[in-house]
Amino acid sequence: MPSYKHEIEADRCKGCGLCVDVCPKNVLEISGQVNTKGYFPVYQARPEDCIFCAICCTMCPDVAITLSEIKAEAKA
Amino acid sequence: MPSYKHEIEADRCKGCGLCVDVCPKNVLEISGQVNTKGYFPVYQARPEDCIFCAICCTMCPDVAITLSEIKAEAKA
Amino acid sequence: MQSEVMFAGFGGQGILMCGKLLAHTAMQVGYEVAWIPSYGPEMRGGTAYCTVVISDRPIGSPIIKNPAHLVAMNRPSLEKFAPVVKPGGVILVNESLIPIRSGRGDVDEILVPATGIAKELGSVKAANIVALAAFVARSGIVEFEAMREAVREEFAGKEKFLPLNMAAIDAGRKSALEQPEAETA
Amino acid sequence: MQSEVMFAGFGGQGILMCGKLLAHTAMQVGYEVAWIPSYGPEMRGGTAYCTVVISDRPIGSPIIKNPAHLVAMNRPSLEKFAPVVKPGGVILVNESLIPIRSGRGDVDEILVPATGIAKELGSVKAANIVALAAFVARSGIVEFEAMREAVREEFAGKEKFLPLNMAAIDAGRKSALEQPEAETA
Amino acid sequence: MAKVLMKGNEAIGEAAIRAGCLNYFAYPITPQSEVAEYLARRMPEVNGVFLQGESEVAVGYMLFGAAGAGERVFTSSSSPGVSLMSEAISYIAGAQCPVVFVNIMRGGPGLGGILPSQGDYFQSVKGGGHGDYRMLVMAPASVQEAVEMVMTAFPLAEKYRNPVMILGDGLIGQMMEPVEFPEHLKSEPTKKDDWATNGMDTRQSATRNLVKSLYLDPEVLNNHNLLLKSKYDRMKQEEVRYESYNADGDYQALIVSYGTMSRVCRTAIDHLKGEGIEVGMIRPQTVFPFPEKAIQEAASKESCRVVLSIEMSMGQMVEDVERAVLGKRPVRWYGKCGGEVPTPEEIMKVVKEHL
Amino acid sequence: MAKVLMKGNEAIGEAAIRAGCLNYFAYPITPQSEVAEYLARRMPEVNGVFLQGESEVAVGYMLFGAAGAGERVFTSSSSPGVSLMSEAISYIAGAQCPVVFVNIMRGGPGLGGILPSQGDYFQSVKGGGHGDYRMLVMAPASVQEAVEMVMTAFPLAEKYRNPVMILGDGLIGQMMEPVEFPEHLKSEPTKKDDWATNGMDTRQSATRNLVKSLYLDPEVLNNHNLLLKSKYDRMKQEEVRYESYNADGDYQALIVSYGTMSRVCRTAIDHLKGEGIEVGMIRPQTVFPFPEKAIQEAASKESCRVVLSIEMSMGQMVEDVERAVLGKRPVRWYGKCGGEVPTPEEIMKVVKEHL
Amino acid sequence: MGKTFQKPEALTDVHTHYCPGCTHGVIHRLVGEVIDELGIRGRTVGIAPVGCAVLAYNYFSCDFQEAAHGRAPAMATGIKRVRPDLMVFTYQGDGDLASIGMGEIIHAANRGEKFTAIFVNNAVYGMTGGQMAPTTMPGQRTTTSPLGRSTEETGMPIRVAELLSSLATEGYITRQTVIKPKLINRTKKAIKKAFTYQMEGRCFSLVEVVSTCPTNWGMTPLDAIKWTEETLLPYFPLGDFKTPEEAEAVSA
Amino acid sequence: MGKTFQKPEALTDVHTHYCPGCTHGVIHRLVGEVIDELGIRGRTVGIAPVGCAVLAYNYFSCDFQEAAHGRAPAMATGIKRVRPDLMVFTYQGDGDLASIGMGEIIHAANRGEKFTAIFVNNAVYGMTGGQMAPTTMPGQRTTTSPLGRSTEETGMPIRVAELLSSLATEGYITRQTVIKPKLINRTKKAIKKAFTYQMEGRCFSLVEVVSTCPTNWGMTPLDAIKWTEETLLPYFPLGDFKTPEEAEAVSA
Ligand SMILES: Cc1ncc(C[n+]2csc(CCOP(=O)(O)OP(=O)(O)O)c2C)c(N)n1
Ligand SMILES: Cc1ncc(C[n+]2csc(CCOP(=O)(O)OP(=O)(O)O)c2C)c(N)n1
Ligand code: SF4
Ligand code: SF4
Ligand code: SF4
Ligand code: SF4
Ligand code: SF4
Ligand code: SF4
Ligand SMILES: [Mg+2]
Ligand SMILES: [Mg+2]
């Protein structure tokens with residue numbers, strides 16, 4: 001299991017797709033479910049491929065994706 | 001006698017001395033007589049030296065000096 | 001006699017155009033009309049709505065807190081505006097996107113899967129026309145064919161969209177008339 | 001009791017300063033005073049003038065169309081302002097630059113070659129002080145020595161000009177008192 | 001000509017063209033940017049001039065220059081933009097140039113909001129700029145009236161050689177209503193050879209024209225100001241326009257209201273009639289000159305117990321109403337400011353409270 | 001402290017420093033440039049801030065920023081310059097920042113002239129900028145009063161979190177009169193931690209402050225405007241200032257006049273007394289809030305037959321006088337505008353004409 | 001080799017009103033991260049423009065002022081002159097800074113005011129519905145240039161970074177963009193450099209960020225990125241145009 | 001080898017209000033001579049600034065408008081857009097054009113408005129009594145920089161010709177001076193070139209003229225000439241900074 005957690009806050013996501021485009025591992029896809037804001041958010045279609053490089057986070061205009069160390073989180 | 005006429009309109013002259021400074025023949029001097037505006041105008045101290053080069057006219061900020069051809073004037 | 005219709009939904013659902021078509025129709029058949037948009041800073045996303053006032057006398061207040069009818073294209077607008085509709089009015093619910101109901105017993109509530117129908121016809125973009133047609137058919141607020149005319153005019157020049165929208169009009173009417181009158185109406 | 005003095009001349013003749021010294025003197029000896037300058041777009045050249053109002057009560061209008069006295073440092077100002085001086089007032093004429101007279105029989109006109117005197121004393125710049133001293137001596141509008149004090153204060157810091165101006169004061173008084181009173185006065 | 005359904009902002013743009021004004025300079029601002037967007041398309045079609053200036057300050061002087069050169073010209077803006085034009089408006093009035101300004105008011109002060117308001121009454125009517133000048137200010141209550149006022153604004157601006165302002169609120173700009181463009185309101189620009197800087201050759205004259213507002217000699221400037229004053233006094237004689245509603249018979253209260261607000265009041269008055277309460281209304285169509293006499297007479301009617309100034313502002317027009325009524329009746333203010341338009345129900349409540 | 005003979009403009013600059021305002025931003029303009037020139041020398045001596053901005057528009061926002069950050073700040077300008085600040089003034093009022101403005105009025109409109117005038121009454125009192133706001137406006141009649149008003153302006157601006165304007169004319173700026181700087185008018189800046197953007201660390205707070213005027217929700221904006229209105233209503237209760245002259249006994253006419261103009265009237269009144277004609281005067285020291293009650297009472301006096309508004313403008317304050325008098329007496333205007341100050345003789349003539 | 005990534009403290013939790021894919025959001029985050037890293041949130045005052053970023057004050061967790069359209073540099077000047085210890089940044093669009101606010105930015109830069117301007121160049125007026133900006137490209141269609149910007153009528157797009165760099169007063173002037181992760185990181189470095197110069201009381205600093213406006217360009221977010229790369233960047237080259245070091249040389 | 005010299009027709013007979021030795025007068029005359037030589041007096045509109053030249057309309061015998069302080073370029077734009085056939089020139093000082101009017105001149109230049117700006121740079125605010133201008137030299141004493149201009153506080157003098165030349169839109173931008181007969185003739189050539197470009201509807205043109213203000217510099221007219229040569233010209237180099245020919249290359 002990976003030591004990092006990749007989280008997408010669906011209601012923050014506006015489904016712009018910029019992250020999908022930049023992910024080096026092609027992990028992300030736009031979902032078919034509209035969120036409370038009326039947008040179609042992304043989700044990790046292939047989480048197992050994720051290398052936690054944070055490139056998607058860097059690209060996201062809405063800070064909808066976060067990466068946290070699982071231990072770090074345990075502490076908190 | 002010269003075929004040109006060098007005229008200084010005393011009441012236009014503000015006695016700034018710029019023309020005196022640029023005259024190549026050192027023809028001009030500031031007079032001691034105040035004019036209607038309260039300035040001391042220039043006059044041709046050595047008219048005989050004037051070569052009608054219009055340099056003084058060019059320098060004068062107040063268009064106080066004019067040069068005219070005497071014939072031209074006769075015509076008029 | 002004055003009547004008011006509120007059209008409400010997401011931005012991008014063609015809400016304003018919907019109201020404009022109704023206003024234009026009403027004008028053509030000789031009514032006084034006013035079309036009042038909501039305009040706000042978030043130009044995109046969020047809910048857009050407009051009100052169309054139709055009257056046989058010069059229109060006074062363009063500010064309508066209680067419209068006679070409501071065409072709700074998404075859930076937030078149904079929730080927000082259903083309560084203010086005048087008793088006896090028509091509330092059109094875009095069933096495809098709205099799982100709930102107005103909860104009003106004193107109005108003629110009709111469920112039209114506008115988005116779904118439009119999708120079947122070839123483009124969700126036509127959902128607003130489906131809804132408009134359904135509403136006009138049900139409310140009879142203006143002559144139905146006059147409305148069809150207005151739509152035709154609107155798409156003059158964009159002929160390739162015409163068939164889609166004409167189909168939307170018929171489908172809209174069909175779905176509206178299929179439904180039973182609510183008791184109260 | 002209120003009295004007004006107008007100082008007028010070419011720009012650069014120290015007119016405003018002249019008025020300021022009188023106003024300052026009057027203030028020091030306890031009067032109410034106001035110093036009103038002329039300010040215009042041609043900042044330089046042209047005629048400058050200012051009015052000093054001296055009173056034992058709060059001063060009302062700072063706009064004086066008919067001053068009690070006039071100190072004229074050049075011809076245009078004598079021509080312009082002599083006619084408006086109140087009867088019985090002093091009109092000081094800077095004889096060195098003004099060939100004409102006020103033509104007023106109802107005032108105390110004194111001729112002071114202020115510019116000339118100042119030149120002799122070493123600088124035309126002091127002409128205004130000569131005139132001021134002459135005027136004060138003649139009109140007695142403020143204590144003469146208080147005026148001398150004001151001038152001394154003004155030149156505190158510029159000591160090297162002090163002797164010149166003190167001399168100007170004495171010469172000014174002298175020339176003013178030499179002259180016979182006009183009948184009318 | 002058949003009626004067309006148009007947005008107020010677009011109708012205003014079209015009206016100017018129909019009135020013979022082919023020059024428009026402006027800077028975008030909500031809620032009137034559609035005027036500029038419409039004219040960006042239309043002006044080229046009629047070989048007119050469309051230019052988006054770099055700011056309202058600059059636009060103010062583009063108008064000044066163009067009008068000074070003798071051409072018809074207008075602009076549209078909204079509250080903050082108009083504040084930035086106030087120096088220019090003062091210059092234009094001082095130099096006696098005809099320019100038409102359209103202000104589609106939004107909520108203020110400051111950035112405020114973008115929804116309808118009437119908070120710029122003082123600014124437009126008393127003069128936002130410095131010095132003694134006035135604008136002729138017309139306040140439309142419908143898209144059709146906006147069209148007609150725009151079309152009449154140009155000849156009026158030229159008649160008085162003075163800026164004219166169309167004072168509308170956000171709704172006038174954003175609403176769609178059926179409109180007609182009356183042929184008879186077309187007008188030929190007046191000849192301006194006697195004052196405009198249109199080039200000596202153009203007017204075949206050997207004497208130059210000056211367009212300026214500087215008068216260094218105070219006496220000359222005072223006379224210039226008296227001349228301006230005489231124009232404003234003449235406006236008071238000749239240009240007052242208003243509409244009365246339900247004011248022929250008796251009424252217990254008189255409402256004074258203008259623009260969109262007055263339409264809400266009209267509806268309120270109709271409803272009150274239904275309840276047996278008679279209320280009259282005077283709707284100023286010109287807010288400068290202000291219909292003082294009409295209001296005073298209407299207020300003086302035996303049956304009238306109170307005068308209500310109802311505005312989308314915190315009590316601006318009410319000061320002019322007080323001046324008009326001269327203490328003959330109590331004058332009260334009611335209003336909202338910031339985008340909320342009071343509803344007929346609110347107005348009815350307010351009226352009842354004062355009876 | 002001994003009296004010193006000072007030019008109004010310089011005294012104004014010194015007064016601000018004595019009042020504890022060490023920040024000045026301005027753009028030069030006649031007839032008040034001496035304020036800037038004086039402070040360019042003085043501010044460095046007191047470690048204060050002097051900055052000549054690139055324009056009055058920019059200066060308006062420098063003031064806004066500085067006041068928003070919680071510091072005392074002021075500027076001085078003259079008519080056209082103030083027009084360019086009108087957008088900023090509206091923003092500052094909307095964002096509730098305390099800023100002191102000095103307007104040494106010159107002749108207008110437009111470039112007009114540089115001599116004394118009172119043509120900006122409307123602009124200052126009714127609001128030159130857009131939206132519903134007011135400034136507290138004080139009008140000095142002497143250099144000493146200018147000093148005192150400047151010194152009181154800062155605490156007042158902070159009390160109301162609102163712009164305050166000192167409205168003087170060219171003569172107030174250009175005249176020299178003896179002045180004293182009253183120690184008791186010094187004041188400590190109020191604490192502004194609850195609203196100013198002075199940095200969270202500075203105020204040891206974890207919550208940020210916002211200085212803004214945007215309220216997109218119309219209801220919120222309406223409430224914001226009601227809040228502003230309540231401040232202006234409070235000013236009307238607490239800040240009205242005026243001086244009456246020769247108004248205790250009976251008089252046949254009442255003069256309302258302010259600033260330099262009122263001094264001329266005072267002299268005229270003295271002379272008229274000599275001729276056996278009694279005239280009273282109310283001199284507004286605050287023109288907003290306007291001394292309405294005082295004027296109404298004074299006008300209502302049995303013996304008073306007419307009320308004269310005497311201004312160096314073409315009839316601006318007269319509108320407020322009319323509102324105050326409410327038709328109880330005829331109200332007449334007399335004035336000049338453009339730099340000529342009416343003389344006592346003229347005033348006397350005018351008074352006689354109206355008796 | 002993994003990384004962690006969290007919303008910076010300097011940003012609030014509020015969801016922005018920006019359109020999907022609008023890179024205003026990226027720029028906000030970068031400024032927030034820089035404020036965090038420099039630990040200056042408690043003494044920072046931001047200035048919101050009038051433009052789509054008018055509500056920026058809702059998204060930053062530091063003190064904020066809201067300027068009038070174009071006047072942010074004057075407000076920043078006012079704050080810095082009376083409180084030099086505060087860190088001040090303006091956040092302005094191209095209509096705001098390069099059209100109505102041109103005078104203010106040039107003079108602030110030329111006086112060497114010690115604040116940082118974040119200049120978001122998206123070649124259009126976003127908030128008001130897509131009118132032409134001084135930075136609009138030749139031929140670009142906007143609501144006020146419906147046939148495309150005509151350089152005959154309205155001249156060439158203004159290159160703000162180049163224009164300001166031509167002033168003799170020292171300053172830090174750079175142009176960056178946020179259309180790719182790598183460039184986003186570079187932009188962040190530039191912003192940090194700018195804030196650092198300000199902290200040192202060194203000079204005026206401006207970071208021009210070429211940004212997208214999918215909505216008013218009428219493109220999908222991805223197409224907007226492409227268009228930026230293919231159309232804007234060739235005309236608006238990236239890099240540092242001026243650093244205080246050079247400036248000194250020049251101004252000597 | 002003699003010459004004749006007369007007051008140009010385009011000037012009136014009115015004596016100017018300028019101070020003795022102020023070179024505003026020379027510049028007026030040059031513009032007048034160019035108008036005469038091009039024979040355009042009947043279709044020329046001049047725009048007076050607010051500054052010592054505010055009364056310029058009294059001295060020129062063609063149509064004139066008087067602008068507000070700094071706004072002459074906007075007025076010129078208004079006139080040229082509605083009457084492209086008229087020849088329009090603005091006459092502006094450095095406070096007028098480079099301080100309050102900076103936004104207007106940059107945008108007029110960048111839109112390529114087809115008028116001619118005569119920019120009189122005398123490094124000070126003349127009319128209002130010698131306050132600091134954006135062009136005031138480091139250390140120069142003025143009434144608002146009594147200890148001399150501090151570049152720390154107010155930055156370096158603005159070089160307008162260089163600043164405008166950095167814009168991509170084509171134009172004719174030159175700097176000249178009138179402190180010597182030879183240079184006066186060169187200035188006249190430049191003004192004529194500028195008017196000619198305008199006549200051809202070619203481009204925006206600006207002629208910056210380094211001028212004197214003996215009064216506010218506190219110098220005699222001759223010393224003012226010397227000071228200009230020794231202090232101003234080294235910082236404000238003379239010559240053409242931009243011609244439409246180049247501009248085209250650049251803007252490609
Ligand atoms: C004085 C003034 N003029 C005009 C406006 C209207 N307005 C608001 S934002 C804006 C332009 C926004 O464009 P930009 O600065 O590029 O920011 P963006 O929205 O593109 O990020 C305009 C013209 C205003 N609010 N105030
Ligand atoms: C809006 C406005 N602000 C300020 C002024 C005052 N003012 C008149 S001229 C001037 C500056 C003149 O300097 P410059 O432009 O360099 O012309 P110069 O007199 O030096 O030739 C100023 C600040 C004004 N008239 N209007
Ligand atoms: S970039 Fe952000 S907002 Fe856009 S799709 Fe990805 S997560 Fe959603
Ligand atoms: S962290 Fe890297 S690999 Fe994982 S989803 Fe984001 S971009 Fe793709
Ligand atoms: S014309 Fe030439 S020589 Fe004669 S005075 Fe003038 S400068 Fe001297
Ligand atoms: S240059 Fe002209 S003004 Fe000066 S001294 Fe010579 S003639 Fe007189
Ligand atoms: S309009 Fe453009 S700039 Fe504004 S939020 Fe939407 S995409 Fe961003
Ligand atoms: S003040 Fe200076 S610029 Fe003005 S006229 Fe005098 S010398 Fe010339
Ligand atoms: Mg933009
Ligand atoms: Mg200058």
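Numbered from 1 within each chain, the chains take letters A, B, ... in sequence-line order.
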Residue part contacting chain B, namely of [X], when any heavy atom lies under 4.5 Å:
X: H:L30; result: neither
X: H:K182; result: neither
X: H:Y59; result: neither
X: H:I184; result: side chain

Name the option with the most non-hydrogen atom pairs under 4.5 Å to chain B; the candidates are H:K188, H:H15, H:Q6, H:H28. H:H15
Does the side chain of H:T4 come within less than 4.5 Å of B:S68's, by heavy atoms? no
In this structure, OG1 of H:T220 is separated from CG of B:L18 (nearest 0.5 Å) by 9.0 Å
What are the two closest heavy atoms between [X] and [Y], and how far apart are they?
X: B:P61; Y: H:C22; result: CB-O, 3.2 Å
X: H:I225; Y: B:M59; result: CD1-CE, 4.0 Å
X: B:D62; Y: H:T16; result: OD1-OG1, 3.2 Å
X: B:I65; Y: H:F5; result: O-CD2, 3.6 Å
X: H:P20; Y: B:C16; result: C-CB, 3.7 Å
X: B:I55; Y: H:P181; result: CG2-CG, 3.5 Å

At a heavy-atom distance under 4.5 Å, which candidate from B:R12, B:H6, B:E9 has the highest pair count against chain H? B:R12
Any donor-acceptor N/O pair, B:K14 side chain to H:Y18 backbone, under 3.5 Å: yes
Taking atom CD of B:Q33 as the centre, does the number of heavy atoms from other residues, nucleotides or ligands within less than 6.0 Å exceed 12? no
